[in-house]
Asks: 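Before I ask anything, let me first share the structure, which is written out below as structure tokens.
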Amino acid sequence: MKPFQAFLYILIILSGFLLVSYFFSKTGPSLVSTNEVKDNRILTKQIVLLDSLKIELRDTVPLKITPVKTEKSGIQFLSGDSVFFDSFFSKLKNQEAYHAPLRIMYFGDSQIEGDRITSAIRKQFQQKFGGAGIGFVPPEPLYNLTHSFSIKQSENWQHFSVLDRNDTLINRSLVFKEAILPSHQKGWFKIKQVRNKKNKADYSQLKMFYCSRGGFTVTVKEGGTLIYKGEVSGTAKIKALNFNFTYTPASIELYFQSTDSLEVFNFSLEKQTGVLVDNIALRGFSFPPFSSSDQQAMRETICLINPGLCVFHFGVNLAPWYREDYNYYRIRLVREIRRVQQLMPGVPVLIVGISDMAKKEKGAMVSYPNIKAIKEAQQEAARICNCSFWDLEKFMGGPGSMIRWVNAEPRLGQKDYIHFTREGTEKIGNCLSNLILDEYEKYLKAGLVE
């Protein structure tokens with residue numbers, strides 16, 4: 001480099017430094033910030049230059065998440081029948097006229113497993129109308145987080161469930177599961193409160209729905225102490241054994257000795273009065289298979305209970321299998337609804353529409369495109385069968401809402417973008433029960449319930 005060129009190069013650099021110094025003197029301290037997203041929060045790092053002294057300020061600021069806005073979605077009476085819930089509301093108001101608790105039978109897919117959604121509905125109804133217990137319990141190992149009960153059994157029970165889909169037996173149980181004790185064998189069930197949970201007074205009546213042509217002996221113990229022993233006569237029909245208590249037992253043990261095979265269809269943890277909300281979850285199903293079940297057995301069980309309302313909550317198992325037309329689904333759903341209406345005359349059926357769900361497409365989460373078509377098939381089935389309908393997808397916020405529910409704080413949707421968290425299911429259950437109770441208050445004010 002020539003001397004003159006070197007001089008110009010140094011002069012340019014010095015001029016740059018002078019300009020920067022002049023700028024700082026006019027504008028004062030410089031604020032530099034960097035933002036990085038971490039665990040749904042913005043970690044903000046600020047460095048302030050003040051009188052040549054560097055002071056580092058660290059502060060965590062909550063991530064600005066758009067609040068989950070739910071849509072106003074009331075219960076729809078698609079057939080125009082303004083007295084749809086009349087029979088149910090009449091039973092609610094006149095419970096003393098019945099000798100069994102009034103049941104809301106909630107059938108659903110994996111969205112309701114583990115007493116999700118139903119626990120929130122049960123809490124509201126039992127607070128308002130009385131009652132206790134979780135209702136129907138299948139005769140297989142169960143751990144219920146809401147009520148802190150566990151059920152254990154001896155290994156020689158043979159189990160049948162429509163969930164298996166590979167058994168030749170015809171379903172006879174209202175919860176679509178049953179246990180069979182072979183002839184001349186001994187078997188047992190144990191229902192216990194979980195010790196590490198905060199237990200409280202709950203059910204005071206234990207019912208066992210059964211069938212045994214040859215009869216059997218039953219021994220009942222509480223914490224190892226004998227409280228009952230007796231012979232039960234044979235019956236070809238489904239019947240119920242009732243065990244009544246003045247308290248909620250910490251541990252109940254039922255021992256059986258069969259003469260002929262003993263079929264146990266389900267237990268019911270309840271109180272003699274009030275309201276029950278049964279959680280009948282059918283993972284993988286798009287409707288409850290009533291039409292392929294033993295109709296006589298269904299009727300015999302229903303005669304032993306007091307059904308007030310049936311709820312169908314299905315649909316998410318259809319979304320991954322895209323079709324142009326879901327008329328086939330509407331036809332099957334209508335068939336199952338009508339079968340329930342035949343088995344339970346006068347008991348209203350409420351259809352809960354499919355929820356929003358999402359999948360990854362080209363690196364981004366998007367709602368399934370067939371949600372609308374599935375929901376329309378459900379609405380049409382409700383109209384044909386004179387059922388009410390609740391648009392769950394609309395309540396969530398419409399298409400894309402599951403993505404917002406997953407990103408909400410607290411999180412309302414699980415990261416599979418299909419199922420809900422406990423907070424999400426409570427939000428849904430509370431909304432649905434409030435909608436039904438609002439309709440009840442309207443009927444009372446209108447004088448439609450005598």
Asks: Using atom types as modelled and distance alone, determine if a side-chain donor or acceptor of Arg172 lies under 3.5 Å from a backbone N or O of Asp294.
Replies: no
Asks: On the six-membered ring of Tyr328, is Arg323 placed so that its NZ or CZ lies under 6.0 angstrom from the centre and within 45° of the ring axis?
Replies: yes
Asks: How long is the straight-line distance from CD of Gln185 back to OG of Ser154, given to the nearest 0.5 Å?
Replies: 8.5 Å
Asks: Under 3.5 Å, is there a donor-acceptor pair between the Asp260 and Ser183 side chains?
Replies: yes
Asks: Check whether any side-chain heavy atom of Tyr247 sits under 4.5 Å from a side-chain heavy atom of Pro249, and report yes or no.
Replies: yes
Asks: Does Phe265 have its ring centroid less than 6.0 Å away from the ring centroid of Phe136?
Replies: no
Asks: Would you check if the side chain of Glu253 reaches a backbone N or O of Gly224 as a donor-acceptor pair within less than 3.5 Å?
Replies: yes
Asks: Using distance only, find each side-chain donor-acceptor pair of residues 344-373 under 3.5 Å and give its atom names and separation, not counting sequence neighbours.
Replies:
unit_1: Ser355; atom_1: OG; unit_2: Gln111; atom_2: NE2; d: 3.2
unit_1: Asp356; atom_1: OD1; unit_2: Ser367; atom_2: OG; d: 2.9
unit_1: Asp356; atom_1: OD2; unit_2: Ser367; atom_2: OG; d: 3.2
unit_1: Asp356; atom_1: OD2; unit_2: Gly400; atom_2: N; d: 3.4
unit_1: Asp356; atom_1: OD2; unit_2: Ser401; atom_2: N; d: 3.2
unit_1: Asp356; atom_1: OD2; unit_2: Met402; atom_2: N; d: 2.8
unit_1: Ser367; atom_1: OG; unit_2: Gly400; atom_2: N; d: 2.7
unit_1: Asn370; atom_1: ND2; unit_2: Ala319; atom_2: O; d: 3.0
unit_1: Asn370; atom_1: ND2; unit_2: Tyr326; atom_2: OH; d: 2.7

Asks: So, Thr421 versus Gln414: side-chain donor-acceptor pair below 3.5 Å or not?
Replies: no
Asks: Are Arg404 and Asn407 linked by a side-chain donor-acceptor pair shorter than 3.5 Å?
Replies: no
Asks: So, taking the atom named OG1 in Thr273 and the one named NE2 in His99, what distance separates them when rounded to the nearest 0.5 Å?
Replies: 12.5 Å
Asks: Measuring from Glu222:CD to Ile252:CD1, what's the distance to the nearest 0.5 Å?
Replies: 5.0 Å
Asks: Measuring from atom CZ of Arg338 to atom SG of Cys387, what distance do you get when rounded to the nearest 0.5 angstrom?
Replies: 9.5 Å
Asks: Do the side-chain N and O atoms of Asn430 and Gln124 include a donor-acceptor pair separated by under 3.5 angstrom?
Replies: yes
Asks: Got more than 12 heavy atoms from elsewhere within 6.0 Å of NZ, Lys190?
Replies: yes
Asks: Please identify each residue that fulfils side-chain hydrogen bond (donor to acceptor under 3.5 Å, both in side chains) with Thr425, with sequence neighbours left out.
Replies: none
Asks: Quick check: do Leu276 and Ile104 have side-chain heavy atoms less than 4.5 Å from each other?
Replies: no
Asks: Heavy-atom count check: over 12 atoms from other residues, nucleotides or ligands less than 6.0 Å from Lys375 NZ?
Replies: yes
Asks: Counting only N and O atoms by type, is there a donor-acceptor contact under 3.5 Å from the side chain of Thr225 to the main-chain atoms of Lys221?
Replies: no
Asks: Working to the nearest 0.5 Å, report the span between CD of Gln378 and CZ of Phe389.
Replies: 5.5 Å
Asks: Taking only residues two or more places apart in sequence or in another chain, which ones pass side-chain hydrogen bond (donor to acceptor under 3.5 Å, both in side chains) with Ser268?
Replies: Arg103, Glu270
Asks: For residues 208-219, which side-chain N or O atoms pair as donor and acceptor with protein atoms under 3.5 Å away, sequence neighbours left out?
Replies:
unit_1: Ser212; atom_1: OG; unit_2: Gly215; atom_2: N; d: 3.3
unit_1: Ser212; atom_1: OG; unit_2: Ser261; atom_2: O; d: 3.3

Asks: Is there a donor-acceptor contact under 3.5 Å linking the side chains of His419 and Ser110?
Replies: yes
Asks: Are the side chain of Ser258 and the backbone N or O of His184 linked by a donor-acceptor pair below 3.5 Å?
Replies: yes
Asks: Is the NZ or CZ atom of Lys186 positioned over Trp188's six-membered ring, under 6.0 angstrom from the centre and within 45° of the axis?
Replies: no
Asks: Is there a donor-acceptor pair under 3.5 Å between the side chain of Glu336 and the backbone N or O of Val334?
Replies: no
Asks: Give me the ring orientation class for Phe89 and Tyr443: parallel if the planes are under 30° apart, tilted from 30 to 60°, perpendicular past 60°.
Replies: perpendicular
Asks: I'd like to know if the side chain of Asp278 reaches the main chain of Ile280, judged simply by a donor and an acceptor atom lying under 3.5 Å from each other, with no hydrogens or angles considered.
Replies: no
Asks: Does this structure show an ion pair linking Lys91 with Glu96, if we count only N-O contacts that are shorter than 4.0 Å?
Replies: no
Asks: Below 4.5 Å, heavy atoms only, C-beta onward: do Val311 and Phe107 meet side chain to side chain?
Replies: no
Asks: Is the side chain of Asp391 donor-acceptor paired with the backbone N or O of Lys394 at a distance under 3.5 Å, no angle test?
Replies: yes
Asks: For a quick test of your reading: what N or O donor-acceptor pairs under 3.5 Å do the side chains of residues 227-240 make, sequence neighbours left out?
Replies:
unit_1: Thr235; atom_1: OG1; unit_2: Lys237; atom_2: N; d: 3.0
unit_1: Thr235; atom_1: OG1; unit_2: Lys237; atom_2: O; d: 3.0

Asks: Taking the six-membered ring for Trp, are Tyr203 and Phe245 parallel (under 30°), tilted (30 to 60°) or perpendicular (over 60°)?
Replies: perpendicular
Asks: Is the shortest side-chain heavy-atom distance between Lys271 and Pro101 below 4.5 Å?
Replies: no
Asks: Side chains of Phe314 and Tyr329: closer than 4.5 Å at any heavy-atom pair?
Replies: yes
Asks: State, with a plain yes or no, whether a side-chain heavy atom of Ile384 is found less than 4.5 Å away from one of Arg330.
Replies: yes
Asks: What distance do Tyr106 atom OH and His313 atom NE2 have between them, rounded to the nearest 0.5 Å?
Replies: 5.0 Å
Asks: Can any side-chain N or O of Asp202 pair as donor or acceptor with the backbone N or O of Gly133 at less than 3.5 Å?
Replies: yes
Asks: Could you tell me how the ring of Phe395 sits relative to the ring of Trp405: parallel (under 30°), tilted (30 to 60°) or perpendicular (over 60°)?
Replies: perpendicular
Asks: Do Cys431 and Trp390 come within less than 4.5 Å of each other through their side chains, counting heavy atoms only?
Replies: yes
Asks: For the residue pair Gln257 and Tyr255, confirm or rule out a side-chain donor-acceptor distance under 3.5 Å.
Replies: no
Asks: Suppose the criterion is salt bridge (Lys or Arg N to Asp or Glu O under 4.0 Å): which pairs have a residue in residues 173-185, not counting sequence neighbours?
Replies: Glu140-Lys177
Asks: Pick one: which of Phe85, Phe129, Phe88 meets ring pair (Phe, Tyr, Trp, His ring centres under 6.0 Å) with Tyr440?
Replies: Phe129
Asks: Give a yes or no answer on whether the side chain of Lys123 reaches the backbone of Thr118 with a donor-acceptor pair at less than 3.5 Å.
Replies: no
